[in-house]
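Each remark here refers to the structure printed beneath this line.
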Number of protein chains: 2
Amino acid sequence: MNQPIIQSSTRADEAFDCLQTAIVTGELAPGEKIGELELCSRFELTRGPLREALGRLESRGLLVRRPHAGVKVVSVSASELMELYRIREVMEGLAARQAAERMTDKEIRDLQATLDTHEKMIEEAKGQAYYQAEGDYDFHHRIATGSRNTKLAQMLLGDLYYMVRMYRYRLSTSAGRPHMALGEHRHIVEALARRDGELAEFLMKRHINAARQNIEEKIKEGVLTI
Amino acid sequence: MNQPIIQSSTRADEAFDCLQTAIVTGELAPGEKIGELELCSRFELTRGPLREALGRLESRGLLVRRPHAGVKVVSVSASELMELYRIREVMEGLAARQAAERMTDKEIRDLQATLDTHEKMIEEAKGQAYYQAEGDYDFHHRIATGSRNTKLAQMLLGDLYYMVRMYRYRLSTSAGRPHMALGEHRHIVEALARRDGELAEFLMKRHINAARQNIEEKIKEGVLTI
DNA sequence: CTTTTTCATTTTGTTGACAATCGCGAGATG
DNA sequence: CATCTCGCGATTGTCAACAAAATGAAAAAG
């Protein structure tokens, strides 16, 4: 019946996952031109499945490919990163509104429990930006799936988050404002618990907007360089 | 300049385009199981490029693929189609807001001229729902690109519109309310010309919401069956 | 000395054959 | 007679060789 899901059943899926994480973690730098044969030797696979994976990655916007000229990792400028946050703002706002209407009580309780865990992680491991970023990712992930909007979740989880995470790893500062973000998260969950979709949408949009402004400031200060 | 070259430079791109239009036009019905060899003979290409195209289509959500079991065209339920419109509402609202800030004066004038053309087409060819639908598509297309938000335009044009158009073809009724939609379009362009982003966003959201309710009603009446 | 053109190497795109896996039907058994 | 199992056929996944195109360097011309 249920087999260990860890093993991707096809080599192309395997390649896709490897490439995706390699891009997100920065193992493959943005703008870097990558040859197919090099990737083959690095990930121990042949060009057939690799090309299939490259096609998927390109379709998701993580790679750009010019015919006969090879593929290179997409390089997102600072302004484009800001545009990404604008998209997140409206899409996650919608997700929050629909999540308020559709998440089960148990899911909301679990989400609250998750926030407690996050709080402890922030207190205990100050500066451990990585885990804090993962906690933030987990929060938004749950709301996206909680919206019960298949396509919305697919677009958020499949496209936008990977791009944002890509820069999270690189900038390492992550949100940079753990306690503030946690408070905003709690506020949003409260709205969810009250089934107040409008408020949840408003708070989520403000939350993401704040994160965007935070990054924008740091970029202007020169603390972050993209 | 960039001339929209019809001939895709690579066979995989060709296959991708063919498959995509075949799915959108209903030549390949939703839920239909399709064999690779069958597709190869139908579109005159070999399995390598085909598989690459299938991967891209799957990544875009137009196909679902189970390992070793073949691919089938995605079938979207009525409720999922409604969810698609919810996403369009927020994303195109954002697009309209940014377009109001960023479109050139010439682009806006061209858009107004396009609406004049649409008006004539509606008057002359009553019932020619197809062209009217294409006009509507053109309108939204221009605003999406006019937002100057690369990723936003990519998501709208690459993902959502193809899914919506897929059902436009199938339902054939298109928006079903040509004159009303045209008036709303004019209203939106006015907001763009005044550089009133907030108003443009509001009007666009209301416009798409109206289209959604229109379809929803017809589905409830049993006029449309999905 | 700069620019252009040509050519060779490298890399991508494509092809057809090979291997693994699944679905389905026939047969056997309770 | 129903159900379970086994095996065959068909389809998908994978591989390695072939062909085409582009990048880069070297040479020739202005």
Side-chain angles (χ1 to χ4, degrees), chain A residues 1-20 22-23 27-75, chain B residues 2-20 22-23 28-75:
Chain A
M1 275 299 186
N2 52 7
Q3 303 165 2
I5 317 258
I6 298 295
Q7 180 183 8
S8 307
S9 51
T10 171
R11 303 279 280 187
D13 293 337
E14 212 173 310
F16 181 77
D17 293 338
C18 287
L19 268 283
Q20 184 155 301
I23 291 172
E27 192 178 327
L28 294 172
E32 183 177 351
K33 290 168 191 168
I34 47 186
E36 292 184 1
L37 52 90
E38 182 191 340
L39 290 177
C40 288
S41 59
R42 196 195 298 208
F43 295 108
E44 299 283 335
L45 41 86
T46 52
R47 288 184 54 212
L50 179 81
R51 285 183 60 82
E52 203 176 315
L54 289 179
R56 283 196 251 177
L57 268 300
E58 185 204 11
S59 172
R60 291 207 176 181
L62 285 160
L63 294 178
V64 292
R65 176 141 67 153
R66 236 177 28 191
H68 302 281
V71 302
K72 70 172 195 283
V73 181
V74 72
S75 68
Chain B
N2 52 3
Q3 189 175 352
I5 274 188
I6 299 294
Q7 179 186 6
S8 308
S9 50
T10 171
R11 306 279 278 188
D13 293 338
E14 211 173 309
F16 180 77
D17 292 339
C18 287
L19 268 282
Q20 185 156 320
I23 292 172
L28 293 172
E32 184 178 350
K33 290 168 191 169
I34 47 186
E36 291 185 1
L37 52 91
E38 182 190 340
L39 290 176
C40 288
S41 60
R42 197 197 297 209
F43 295 108
E44 299 282 335
L45 42 86
T46 51
R47 285 184 58 213
L50 178 82
R51 285 182 59 81
E52 203 175 315
L54 289 179
R56 283 196 249 178
L57 268 301
E58 185 204 12
S59 171
R60 291 207 176 180
L62 284 160
L63 294 178
V64 292
R65 178 143 66 153
R66 236 177 27 191
H68 303 282
V71 301
K72 70 171 194 284
V73 182
V74 73
S75 68

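Residue numbers begin at 1 in each chain, while the letters A, B, ... track the order of the sequences. Only a predicted model underlies this, so the values are computations on that prediction, with no experimental measurement involved.
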Q: Report yes if some heavy atom in the side chain of A/Leu63 is under 4.5 Å from a heavy atom in the side chain of A/Val74; otherwise report no.
A: no
Q | Length of the CD-P vector between B/Glu36 and C/dC22, whole Å | A | 15 Å
(Q) Could you tell me how far apart A/Arg11 (CZ) and C/dA20 (C1') are, to the nearest whole angstrom? (A) 13 Å
Q) Which atoms form the tightest heavy-atom contact between A/Ala12 and A/Ala53, and what is the distance? A) O-CB, 3.8 Å
Q: May I have the distance from A/Leu54 (atom CG) to C/dT11 (atom C1'), rounded to whole angstrom?
A: 13 Å
Q. CG of B/Leu37 versus P of C/dA17: gap in Å, rounded?
A. 15 Å
Q) Between C/dT15 atom C1' and B/Glu52 atom CD, what is the distance in whole Å? A) 14 Å
Q: For B/Glu14 and C/dT14, give me the distance from atom CD to atom P, rounded to whole Å.
A: 9 Å
Q. In residues 56-74 of chain B, which ones come under 4.0 Å of DNA chain D, going by heavy atoms?
A. B/Arg65, B/Pro67, B/His68, B/Gly70
Q. Using a cut-off of less than 4.0 Å, is there contact between a side-chain N or O of A/Arg51 and OP1 or OP2 of C/dG13?
A. yes
**Q.** Sole candidate of B/Arg65, B/Glu36, B/Arg51, B/Glu32 that passes side chain to side chain contact (heavy atoms under 4.5 Å, CB included) when paired with B/Val71
**A.** B/Arg65
Q. When you list every nucleotide of DNA chain D with an atom under 4.0 Å from a heavy atom of chain A, which one comes first 5' to 3', and which comes last?
A. D/dG13 to D/dT23
Q: Calculate the interatomic distance between B/Leu50 atom CG and C/dG13 atom C1'; express it in whole Å.
A: 15 Å
Q: Apply side-chain hydrogen bond (donor to acceptor under 3.5 Å, both in side chains) to A/Glu58 and list each qualifying residue two or more places apart in sequence or on a separate chain.
A: none
Q.
Could you walk me through whether A/Leu54 and A/Arg47 satisfy the side-chain contact (heavy atoms from CB on, under 4.5 Å) test, starting with their C-alpha distance in whole Å, then the side-chain angles of each, then the deciding distance to 0.1 Å, before giving a yes or no?
A. CA-CA 10 Å; A/Leu54 289 179; A/Arg47 288 184 54 212; over 6 Å; no
Q. Quick one: does A/Glu52's side chain get under 4.5 Å of A/Arg56's, heavy atoms only?
A. yes
Q. Across the strands shown, which category fits B/Gly48 at heavy-atom distances under 4.0 angstrom: base, sugar-phosphate, nothing?
A. base
